[in-house]
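See below for the structure under consideration.
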Amino acid sequence: MKKYVLILTCGLLFGCRGNSQKSEASPAAETAQMTDYAVQKTDAQWRAELSDMEYYILRKAGTENPGTSEWLKNREKGTYVCAACGHPVFETDYQFDSGTGWPSFDRAIEGNVAYSVDYKIGYKRTEEHCSNCGGHLGHVFEDGPRETTGERHCINGAALDFVPQQ
């Protein structure tokens, strides 16, 4: 009887597959993984050029702790650029306080951000990358300001550098 219960338990544990275990990649995710970006470097080059936090976020798709970004309350006019390659990705004109603890924008600079899909936390999310080097920036959600785009681009501040408006 104990063998039967053990076998049944093992079958349930290893036989059940939820959405978070699915390895099927969406066409968008496959496109992002196969994209040849204008800026391409080895992992060793990225590691040498980026701070530990920048590397963790931009190259390993990590996330900074909420409320830690120096850009969270930035009200100076200018452009945010990818911290890995300097490619312009967001403008302060479209930054808003989402209350989430990460810099948020209702839109990206058109054509300068690439998108893919990830299931890293068990459900589908739209991931954002720099379209020039492929660096992970954050995610976009559909709970932003309804009076503009309705989007909330939730971005890791450590993935960004800021260029003040001249």
Side-chain angles (χ1 to χ4, degrees), residues 20 26 28-29 31-166:
S20 64
S26 71
T31 301
Q33 292 170 359
M34 295 185 302
T35 300
D36 288 328
Y37 294 102
V39 175
Q40 293 190 30
K41 299 180 183 185
T42 66
D43 191 60
Q45 289 172 314
W46 285 122
R47 180 131 315 273
E49 292 178 16
L50 300 171
S51 72
D52 289 343
M53 182 59 78
E54 289 170 340
Y55 177 81
Y56 170 67
I57 291 169
L58 288 158
R59 307 317 307 171
K60 298 299 178 186
T63 301
E64 67 192 1
N65 289 327
T68 60
S69 172
E70 64 183 303
W71 308 125
L72 192 57
K73 303 280 186 192
N74 181 30
R75 298 300 172 244
E76 189 177 353
K77 293 284 187 186
T79 303
Y80 291 101
V81 299
C82 172
C85 71
H87 193 61
V89 287
F90 295 97
E91 295 175 353
T92 55
D93 288 344
Y94 305 110
Q95 187 172 359
F96 67 96
D97 185 1
S98 66
T100 62
W102 289 277
S104 298
F105 305 85
D106 71 357
R107 68 195 78 179
I109 295 175
E110 191 171 338
N112 290 10
V113 173
Y115 302 93
S116 65
V117 175
D118 83 45
Y119 292 90
K120 292 175 189 150
I121 61 172
Y123 62 90
K124 180 180 174 180
R125 296 185 301 171
T126 302
E127 186 175 0
E128 294 185 85
H129 310 270
C130 171
S131 65
N132 195 47
C133 72
H136 170 79
L137 301 170
H139 293 86
V140 62
F141 303 96
E142 295 178 0
D143 61 358
R146 294 289 170 215
E147 61 275 4
T148 60
T149 64
E151 294 180 345
R152 174 176 53 94
H153 297 254
C154 189
I155 306 301
N156 291 286
L160 305 172
D161 285 332
F162 181 68
V163 178
Q165 189 174 35
Q166 299 278 328

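Sequence positions, counted from 1, serve as the residue numbers for this chain.
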Considering only heavy atoms from C-beta outward, does the side chain of Cys133 approach that of Arg59 to under 4.5 Å? yes
Just so I know, are the side chains of His129 and Ser116 near enough to count as touching, which here means a heavy-atom distance under 4.5 Å? yes
Enter the distance from [X]:[atom1] to [Y]:[atom2] here, rounded to the nearest 0.5 Å.
X      : Y      : atom1 : atom2 : answer
Ile109 : Thr79  : CD1   : OG1   : 5.5 Å
Glu49  : Glu54  : CD    : CD    : 10.5 Å
Glu76  : Thr92  : CD    : OG1   : 8.0 Å
Cys82  : Leu58  : SG    : CG    : 5.0 Å
Leu50  : Lys41  : CG    : NZ    : 7.5 Å
His87  : Ser131 : NE2   : OG    : 3.5 Å

Identify, with sequence neighbours excluded, every residue that meets salt bridge (Lys or Arg N to Asp or Glu O under 4.0 Å) alongside Arg107. none
Partner set under salt bridge (Lys or Arg N to Asp or Glu O under 4.0 Å) for Lys124, not counting sequence neighbours: none
Residue pair [X] / [Y]: nearest heavy atoms and the distance that separates them:
X      : Y      : result
Val89  : Leu137 : CG1-CD1, 4.1 Å
Pro66  : Thr100 : CB-O, 3.9 Å
Arg152 : Ser98  : CD-CB, 3.6 Å
Ala108 : Tyr115 : CB-OH, 4.1 Å
Gly157 : Ser69  : CA-OG, 3.3 Å
Asp161 : Ala83  : OD2-CA, 3.6 Å

Can you check whether Ala158's main-chain N or O pairs, donor with acceptor, with Glu64's side chain at less than 3.5 Å? yes
Any donor-acceptor pair under 3.5 Å from Ser104 side chain to Cys154 backbone: no
Answer yes or no: is there an ion pair linking Glu127 with Lys120, defined by an N-O contact shorter than 4.0 Å? yes
Ionic contact status for Lys77 with Asp93, cut-off 4.0 Å: yes
side-chain contact (heavy atoms from CB on, under 4.5 Å) partners for Val163, two or more places apart: Val81
Walk me through it: do Val140 and Glu151 pass the test side-chain contact (heavy atoms from CB on, under 4.5 Å)? CA-CA 7 Å; Val140 62; Glu151 294 180 345; 4.1 Å; yes
Is the ring pair His139/His136 parallel, tilted or perpendicular, if the boundaries are 30 and 60 degrees? perpendicular
What ring-ring contact (aromatic ring centres under 6.0 Å, His included) pairs are there with at least one residue in residues 88-114, not counting sequence neighbours? Tyr80-Phe105, Phe90-Phe105, Phe90-His153
Take Asp97 and Arg75 through the test side-chain contact (heavy atoms from CB on, under 4.5 Å) and record every step on the way to the result. CA-CA 10 Å; Asp97 185 1; Arg75 298 300 172 244; 4.2 Å; yes
Step by step, would you call Ile121 with Tyr123 a side-chain contact (heavy atoms from CB on, under 4.5 Å)? CA-CA 6 Å; Ile121 61 172; Tyr123 62 90; 3.4 Å; yes
Those residues that, when tested against Glu91, pass side chain to side chain donor-acceptor pair (under 3.5 Å) (two or more places apart): none
Partner residues of Asn112 under the side chain to side chain donor-acceptor pair (under 3.5 Å) criterion, sequence neighbours left out: none
Hey, would you say the Tyr55 and Trp46 ring centroids sit under 6.0 Å apart? no
Hey, mind stepping through Tyr37 and Val39 against side-chain contact (heavy atoms from CB on, under 4.5 Å) and telling me if it holds? CA-CA 5 Å; Tyr37 294 102; Val39 175; 5.7 Å; no
